[in-house]
There are 2 protein chains.
Amino acid sequence: METGTSQREDHQQEAAARRRKELLEAADRVVLRDGPEASMNAIAAEAGITKPILYRHFGDKGGLYRALAVRHTDALLASLRNALDAPAPDRRGRVAATLDTYLAAIEARPQVYRFLMHPADQGQQQEQEQGFDVGHHSAPLLRRMGDELAKVIADRVELGPGGEEVARIWGHGIVGMMHAAGDWWLRERPCSRERLVHHLTDLLWGRLALVDDRIGAPGLF
Amino acid sequence: METGTSQREDHQQEAAARRRKELLEAADRVVLRDGPEASMNAIAAEAGITKPILYRHFGDKGGLYRALAVRHTDALLASLRNALDAPAPDRRGRVAATLDTYLAAIEARPQVYRFLMHPADQGQQQEQEQGFDVGHHSAPLLRRMGDELAKVIADRVELGPGGEEVARIWGHGIVGMMHAAGDWWLRERPCSRERLVHHLTDLLWGRLALVDDRIGAPGLF
DNA sequence: GCCTGCTGTTACCTACGGTAACAGCAGTCT
DNA sequence: AGACTGCTGTTACCGTAGGTAACAGCAGGC
């Protein structure tokens with residue numbers, strides 16, 4: 001019959017999924033320790049096994065890295081959505097809270113951040129039916145955040161005709177602003193997180209348009 | 001005496017500099033053809049020599065890549081400064097022109113762009129007295145652009161007390177916005193360059209603060 | 001003629017990603 | 001019971017990449 005077989009298959013799939021999780025956790029530890037250039041050997045050793053098993057589970061290095069990235073990206077996106085939906089007096093408050101959530105996350109775990117943002121360009125092979133569920137879920141973090149924010153903007157703000165296009169542009173632009181400023185801030189720590197959030201929100205709120213030209217400057221910029 | 005020796009040294013240095021330039025041009029061709037993961041062997045072959053010479057000139061792969069990046073980055077930054085200084089009716093016009101210059105550049109030579117922006121994280125070794133002039137001139141493009149824009153903002157806009165901090169934050173934020181939006185746009189080509197520039201400038205000009213909430217939305221974002 | 005400092009070579013090392021080929025051990029089918 | 005399947009795990013290997021001796025030749029200054 002089929003039930004016996006499928007029961008067994010279920011058990012095996014379940015076991016495989018558990019194993020996969022264990023492997024991912026081991027990989028996580030290594031990446032956290034060694035940075036994004038952790039080797040497959042090192043990860044296998046940390047997991048207490050040898051390379052071929054890793055390859056059976058994840059196909060290739062890119063597969064493993066994608067799986068890892070998906071986990072972290074999902075977690076970060078969830079907390080961002082949370083901040084975007086949290087109660088706050090006004091839209092500006094919510095935007096500031098979301099920026100702060102992001103910055104707090106990268107501040108708390110810079111190694112993870114480095115791994116997600118600078119994944120050493122792990123090749124652009126197409127789907128190729130590897131059999132894993134990673135698919136296009138693996139779009140790098142920046143693009144995924146941009147897309148998500150675009151959706152939120154298109155949903156919640158009235159932009160008139162062509163608004164969807166504007167929402168996408170703004171989504172990716174804002175995410176990029178947050179990312180670059182965060183990256184720089186994380187390296188140089190030139191000020192507190194609050195001040196950074198405040199000034200970025202100011203920028204987004206159009207203060208650039210409002211400030212005066214410097215006296216003596218040639219009226220430029 | 002010393003004059004003879006130093007004359008000779010001058011000649012040698014000069015010859016070395018020429019050679020270096022030739023090698024860089026060869027490397028450039030290979031990178032343009034093969035993308036950022038071009039191998040040292042391939043570059044050496046293109047230059048008509050073998051690996052050790054490359055290593056004598058550039059120390060290691062990172063050194064070569066940095067030297068290449070500096071060339072392209074300098075060129076791009078020069079054209080951006082140009083756009084920022086060009087005559088335009090108002091500040092908004094200048095900002096739009098600068099955005100457009102950047103986007104036109106990455107549109108014209110996406111391979112170079114990919115090489116500069118996703119340089120496969122070529123390690124973070126400190127200076128180490130390698131003897132080359134690369135030094136901290138090699139800060140990745142994004143950070144250099146951010147710093148440059150920060151200078152321009154601080155110079156030309158009156159931001160009041162603490163303005164330098166604000167200028168740096170804005171500089172890196174704006175550059176990040178431009179970069180992420182450009183990266184996304186280059187991949188998806190969802191609209192013309194003009195529209196992208198227009199909407200980004202709008203964003204920078206505070207339209208986000210001005211638009212109404214969508215009717216029916218929970219008043220959020 | 002000898003030394004110095006470059007250019008260039010061949011030949012090698014190490015480390016990494018990736019892949020057979022094989023052994024063992026469940027549970028299933030006959 | 002035994003053959004079969006599908007996993008887990010291994011050792012041992014391959015190709016290629018970055019990087020490094022060690023050595024040969026060739027200019028010019030002493």
Side-chain angles (χ1 to χ4, degrees), chain A residues 1-23 26-27 30-31 34-66 68 119-123 125 128 130-131, chain B residues 1-23 26-27 30-31 34-66 119-123 125 128 130-132:
Chain A
M1 302 309 269
E2 199 182 78
T3 54
T5 304
S6 84
Q7 253 187 16
R8 192 202 175 188
E9 277 173 1
D10 283 357
H11 288 165
Q12 284 183 346
Q13 277 187 10
E14 187 184 308
R18 259 202 314 276
R19 198 86 187 87
R20 211 179 131 94
K21 216 170 180 178
E22 288 173 26
L23 297 184
V30 177
V31 167
D34 298 356
E37 50 276 330
S39 81
M40 293 299 262
N41 262 322
I43 294 175
E46 169 74 30
I49 53 165
T50 49
K51 273 193 299 178
I53 304 181
L54 280 184
Y55 283 96
R56 275 218 269 277
H57 274 276
F58 300 103
D60 63 351
K61 190 176 187 175
L64 203 179
Y65 276 34
R66 268 190 297 274
L68 254 189
D121 240 20
Q122 61 238 27
Q125 63 208 11
Q128 206 174 334
Q130 282 278 110
Chain B
M1 300 311 274
E2 198 181 79
T3 56
T5 303
S6 84
Q7 252 184 19
R8 191 199 176 189
E9 277 172 1
D10 283 356
H11 288 166
Q12 283 183 345
Q13 278 186 11
E14 185 185 308
R18 258 202 315 276
R19 199 84 186 88
R20 212 179 130 96
K21 215 169 178 178
E22 287 173 26
L23 298 183
V30 178
V31 166
D34 298 355
E37 51 277 329
S39 80
M40 294 298 265
N41 262 321
I43 294 175
E46 169 74 31
I49 51 163
T50 50
K51 274 193 300 177
I53 303 179
L54 279 185
Y55 283 96
R56 277 217 270 274
H57 273 277
F58 301 103
D60 62 353
K61 191 177 184 172
L64 203 178
Y65 276 34
R66 268 190 296 275
D121 240 19
Q122 60 238 28
Q125 61 207 14
Q128 207 175 329
Q130 282 279 110
F132 293 122

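Below, chains carry the letters A, B, ... as their sequence lines are ordered, and counting in each starts from 1. Predicted, not measured: the structure shown is a model, and the values here were computed from it.
- Distances were taken from every side-chain heavy atom of Ser39(A) (C-beta onward) to each of dA17(D), dG17(C), dG19(D); the shortest belongs to dG17(C).
- Between His57(B) and the phosphate of dC6(C), there is no side-chain N or O to OP1/OP2 separation shorter than 4.0 Å.
- Contact check of residues 47-54 of chain A against DNA chain D (heavy atom, cut-off under 4.0 Å) returns Ile49(A), Thr50(A), Pro52(A), Ile53(A).
- In this entry the distance linking CG of Asn41(B) with P of dT16(D) reads 11 Å, nearest Å.
- The NZ atom of Lys51(B) sits 11.0 Å away from atom NZ of Lys61(B), with the distance rounded to the nearest 0.5 Å.
- Rounded to whole Å, the distance from NZ on Lys61(A) to P on dT16(D) is 19 Å.
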Check the pair Arg66(A), Phe58(A) against side-chain contact (heavy atoms from CB on, under 4.5 Å), reporting the backbone distance first and the verdict last. CA-CA 9 Å; Arg66(A) 268 190 297 274; Phe58(A) 300 103; over 6 Å; no
Counting only pairs under 3.5 Å, give me each side-chain donor-acceptor contact of residues 38-49 of chain A, with atom names and distances, residues two or more places apart or in other chains.
{"from": "Ser39(A)", "atom 1": "OG", "to": "Asn41(A)", "atom 2": "N", "distance (Å)": "3.4"}
{"from": "Ser39(A)", "atom 1": "OG", "to": "Ala42(A)", "atom 2": "N", "distance (Å)": "3.0"}
{"from": "Glu46(A)", "atom 1": "OE1", "to": "Arg33(A)", "atom 2": "NH2", "distance (Å)": "3.2"}
{"from": "Glu46(A)", "atom 1": "OE2", "to": "Arg29(A)", "atom 2": "NH1", "distance (Å)": "2.4"}

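- For Met40(A) and dT19(C), the CE to C1' distance is 12 Å, given to the nearest whole Å.
- Rounded to whole Å, atom P of dT8(D) lies 17 Å from atom OH of Tyr55(A).
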Expected rows: protein N/O vs nucleotides 22-25 of chain C N/O, under 3.5 Å:
none

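- One atom, OH of Tyr65(A), and another, C1' of dC16(C), lie 11 Å apart when rounded to the nearest Å.
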